[in-house]
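Sequence positions, counted from 1, serve as the residue numbers for this chain.
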Amino acid sequence: MPRDKYSVSIIPMSLVSELKRRNVLRVGAAYVAVAWLVVQVLDSLAPLFGVSEEAARLVVILLAIGLVPVLVVSWLFELTPDGFKRDSDVDHSAPASRISARRLDRVVIIALAMAVVYFAVDKFVFDPARDAELATEVAAAARGEALLGSFGERSIAVLPFVDTSADGDQEHISDGIAEEIINLLATVRDIRVISRSSSFAFKGRDVPLTEIAGRLDVRYVMEGTVRRAGDRLRITAQMIDPRTDTALWSENFDREFGDIFAIQDEIASHVVDQLEIELAGNRPAIQPVDPEAYALYLRAKNLVNRQTRDGALEAEKLLEKSLAIERISPGCPTIR
């Protein structure tokens with residue numbers, strides 16, 4: 001009995017043969033190959049573009065779920081030169097049907113070839129770079145742990161002091177005081193002092209001290225305020241234990257601006273005392289200079305830190321004025 005293309009075949013066919021005839025296996029193989037390639041590329045590029053792990057996981061889940069409807073569609077329909085048609089309406093003996101099958105074969109071959117190329121590039125190009133980066137991170141972490149172990153809990157971050165002056169124009173003074181305290185403490189070999197760039201990264205940000213201490217890996221944090229009115233200077237400094245939110249030491253200094261160097265020396269000495277460090281030599285101290293020259297120097301330094309052309313030109317003029325007042329190095333003040 002001849003088979004009518006519009007009727008259901010009475011000849012029993014195995015499930016595998018029917019899957020092949022309907023190109024379900026070809027479509028499934030092509031989908032799996034393309035999906036695997038997408039997942040591999042996503043795994044490599046996600047960190048570069050800031051894609052979260054949740055988003056990447058969602059893509060993988062959607063690709064896995066998508067396999068079922070793709071297989072169902074390939075069972076019911078076939079792509080022909082005239083578009084999608086129901087499988088029962090397609091003459092599988094026609095040349096167009098064979099062309100569609102060959103196209104699916106090409107898709108599978110191309111996807112597999114791209115997967116092999118990607119695997120080779122990832123294995124021999126990206127893997128060595130990732131391994132080198134991982135080794136660097138591990139070495140840095142080991143050095144950090146060794147460093148923390150050698151200092152124990154004698155570590156501190158000096159945050160930028162806050163300018164509370166009436167006009168809010170003494171930022172160069174408040175920043176300068178914090179920087180000089182960092183420089184003073186850095187001369188004590190038994191204290192681990194966080195650098196200016198790391199401490200000042202939190203300037204103007206409302207970040208809890210516990211988080212700052214955790215991110216900088218320090219036991220203690222110092223903060224303070226600066227208020228200047230004419231020649232009077234009021235500095236408040238406190239050393240805090242973030243774990244207990246306790247001020248181990250706090251003091252107000254209300255003096256003439258010319259006493260700024262002595263104030264900084266005293267603050268550094270209090271930190272040394274709180275950490276119970278025995279010094280072999282003299283306590284760290286700043287070589288005093290003319291207060292007016294120092295104020296100009298701090299203003300110039302503040303302008304340089306802004307990294308603008310106009311700021312650099314203005315800073316040069318201020319430094320020239322500072323040098324004219326007292327013949328000191330532009331790196332002043334110095335620690336003695």
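By the 4.5 Å heavy-atom criterion applied to side chains, Asn305 and Phe200 are not counted as neighbours. In this structure, the side chains of Arg154 and Arg192 stay at 4.5 Å or more apart for every pair of heavy atoms. Contact check for Asp259 versus Leu233: no side-chain heavy atoms found under the 4.5 Å cut-off. The closest side-chain heavy-atom distance from Thr225 to Phe161 is not below 4.5 Å. In this structure, the side chains of Gln274 and Asp241 stay at 4.5 Å or more apart for every pair of heavy atoms. Val218 places none of its side-chain heavy atoms less than 4.5 Å from the side chain of Ile156. Leu63 places a side-chain heavy atom less than 4.5 Å from the side chain of Tyr31.
The CD atom of Glu179 sits 9.5 Å away from atom OG of Ser174, with the distance rounded to the nearest 0.5 Å. Distance CD1/Ile325 to CG/Leu296: 5.0 Å, rounded to 0.5 Å. Separation of atoms CD1 (Ile181) and CG (Asp265) is listed at 9.5 Å; rounding is to 0.5 Å. Note that the CG atom of Asp175 and the CG atom of Leu298 stand 9.0 Å from one another [nearest 0.5 Å]. The CD1 atom of Ile260 lies 8.5 Å from the CD atom of Glu180; values are rounded to the nearest 0.5 Å. One distance of note links NZ of Lys317 with CD of Glu320; it measures 9.0 Å at 0.5 Å rounding.
Residues Ala186 and Val193 come closest through the heavy atom pair N-CG2, 3.9 Å. In terms of heavy atoms, Glu292 sits closest to Asp290 at N-OD1, 2.9 Å. The shortest non-hydrogen separation linking Leu216 to Ala157 is CD1-CB, 3.7 Å. In terms of heavy-atom proximity, Gln264 sits nearest to Leu184 at O-CD1, 3.6 Å. Scanning all heavy atoms of the two residues, the minimum distance from Thr210 to Pro242 falls at CG2-O, 3.1 Å. Between Gly311 and Leu303, the shortest heavy-atom contact is O-CB, 3.5 Å.
Arg227 pairs by the side chain to side chain donor-acceptor pair (under 3.5 Å) definition with nothing, not counting sequence neighbours. For Trp249, the ring pair (Phe, Tyr, Trp, His ring centres under 6.0 Å) partners at least two apart in sequence or on another chain are His270. Under the salt bridge (Lys or Arg N to Asp or Glu O under 4.0 Å) criterion, Glu251 pairs with no residue, sequence neighbours left out. Partners of Ser195 by side chain to side chain donor-acceptor pair (under 3.5 Å), not counting sequence neighbours, listed by chain and number: Ser197, Ser198.
Heavy atoms of other residues, nucleotides or ligands lying less than 6.0 angstrom from CD of Glu256 number more than 12. Environment of CD in Glu54: crowded, with over 12 heavy atoms of neighbouring residues, nucleotides or ligands closer than 6.0 Å.
Two different hydrophobic clusters hold Leu58 and Val34 under the rule that ILVMFWY side chains link at heavy-atom gaps under 4.5 Å. Under the 4.5 Å side-chain heavy-atom criterion for grouping Ile, Leu, Val, Met, Phe, Trp and Tyr, Leu25 is connected to Leu76 within one hydrophobic cluster. At a threshold of 4.5 Å between side-chain heavy atoms, the hydrophobic network of Ile, Leu, Val, Met, Phe, Trp and Tyr places Leu323 and Val304 in two separate groups.
Remark: Arg255 engages Glu266 in a salt bridge, criterion side-chain N to carboxylate O under 4.0 Å.
Hydrophobic cluster membership of Ile61, counting Ile, Leu, Val, Met, Phe, Trp and Tyr whose side-chain heavy atoms lie under 4.5 Å apart directly or via other members: Ile65. Hydrophobic cluster membership of Val162, counting Ile, Leu, Val, Met, Phe, Trp and Tyr whose side-chain heavy atoms lie under 4.5 Å apart directly or via other members: none, as it forms a cluster of its own.
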Practice problem: Apply the test side-chain contact (heavy atoms from CB on, under 4.5 Å) to residues Tyr220 and Ile240: give CA-CA distance (whole Å), side-chain angles for both, the deciding distance (0.1 Å), then the verdict. | Solution: CA-CA 6 Å; Tyr220 304 105; Ile240 301 172; over 6 Å; no

Quiz item: Can you check side-chain hydrogen bond (donor to acceptor under 3.5 Å, both in side chains) on Ser165 and Asp163, steps first, answer last?
Solution: CA-CA 6 Å; Ser165 301; Asp163 174 26; 2.8 Å; yes

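In this structure, Tyr294 contributes its side chain and Gly258 its backbone to no donor-acceptor pair below 3.5 Å. Arg228 places no side-chain N or O within donor-acceptor distance of the main-chain N or O of Phe257, the cut-off being under 3.5 Å.
Only one option out of Lys203, Arg299, Lys301 pairs with Glu171 in a salt bridge (charged side-chain N to carboxylate O under 4.0 Å, His left out); it is Lys203.
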